[in-house]
Amino acid sequence: MQQETNDNLEDASNELILTDEEVVRFQIGEVFAHVPKDEVETRIEQMKEVTGKNLEKLEEEKDSVLAQMTELKKILYGKFGESINLEED
């Protein structure tokens with residue numbers, strides 16, 4: 001979901017570059033407000049930074065969980081041998 005949000009922000013940033021209007025509609029919660037283009041660019045960049053940091057944190061957590069799973073598989077295969085199947089289908 002974070003990756004999708006990051007992609008959407010990147011798309012919004014690209015669309016903002018293409019527009020020639022000085023005031024654009026920007027969604028704040030459930031409401032669209034007319035906001036100066038420069039302010040929207042700043043807000044989108046800030047949102048991209050936050051989303052990027054969250055995405056990095058989630059990737060680190062994923063790597064940690066995968067490492068734990070690998071260790072647990074080694075332990076369980078050592079204990080039960082081939083009598084169990086821990087691989088994803």
### Task
Inspect the surroundings of CD in E4 and state if more than 12 heavy atoms from other residues, nucleotides or ligands are less than 6.0 Å away.
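Atom CD in E4 is not packed in, count stays at 12 or less.
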### Task
Give a yes or no on whether the backbone of G29 and the side-chain of Q27 come within a donor-acceptor separation of less than 3.5 Å.
yes
Test salt bridge (charged side-chain N to carboxylate O under 4.0 Å, His left out) applied to [X] - qualifying residues, sequence neighbours left out:
X: E22; answer: none
X: E49; answer: none
X: E15; answer: none
X: E59; answer: none

### Message
Testing the basics here: between K37 and E21, what is the closest heavy-atom pair and its distance to 0.1 Å?
### Response
CD-O, 3.4 Å
### Interatomic distance, K73 atom NZ to I75 atom CD1 [nearest 0.5 angstrom]
13.0 Å
### Query
Rounded to the nearest 0.5 Å, how far does NZ of K53 lie from CG of L58?
14.5 Å
### Task
Start with the C-alpha distance between Q46 and T42, add both sets of side-chain angles, then the distance that settles side-chain contact (heavy atoms from CB on, under 4.5 Å), and finish with yes or no.
CA-CA 6 Å; Q46 290 171 346; T42 303; 3.9 Å; yes
#### Entry: Co-members of the apolar cluster containing L9 [side chain, <4.5 Å]
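Listed partners: L16, V24, F26, I28, V35, V40, I44, M47.
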### Task
Using the side-chain contact (heavy atoms from CB on, under 4.5 Å) rule, take N85 and Y77 through it: C-alpha gap first, then chi angles, then the decisive distance, then the call.
CA-CA 9 Å; N85 181 14; Y77 275 129; 4.0 Å; yes
#### Entry: Residues K48, E10: salt bridge by 4.0 Å N-O rule
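Here K48 pairs with E10 in a salt bridge, since their nearest N and O are under 4.0 Å apart.
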### Query
In terms of side-chain geometry, is the basic nitrogen of K57 or E60 positioned less than 4.0 Å from the acidic oxygen of its partner?
no
## Note on the structure
side chain to side chain donor-acceptor pair (under 3.5 Å) filter on N54, not counting sequence neighbours, yields none
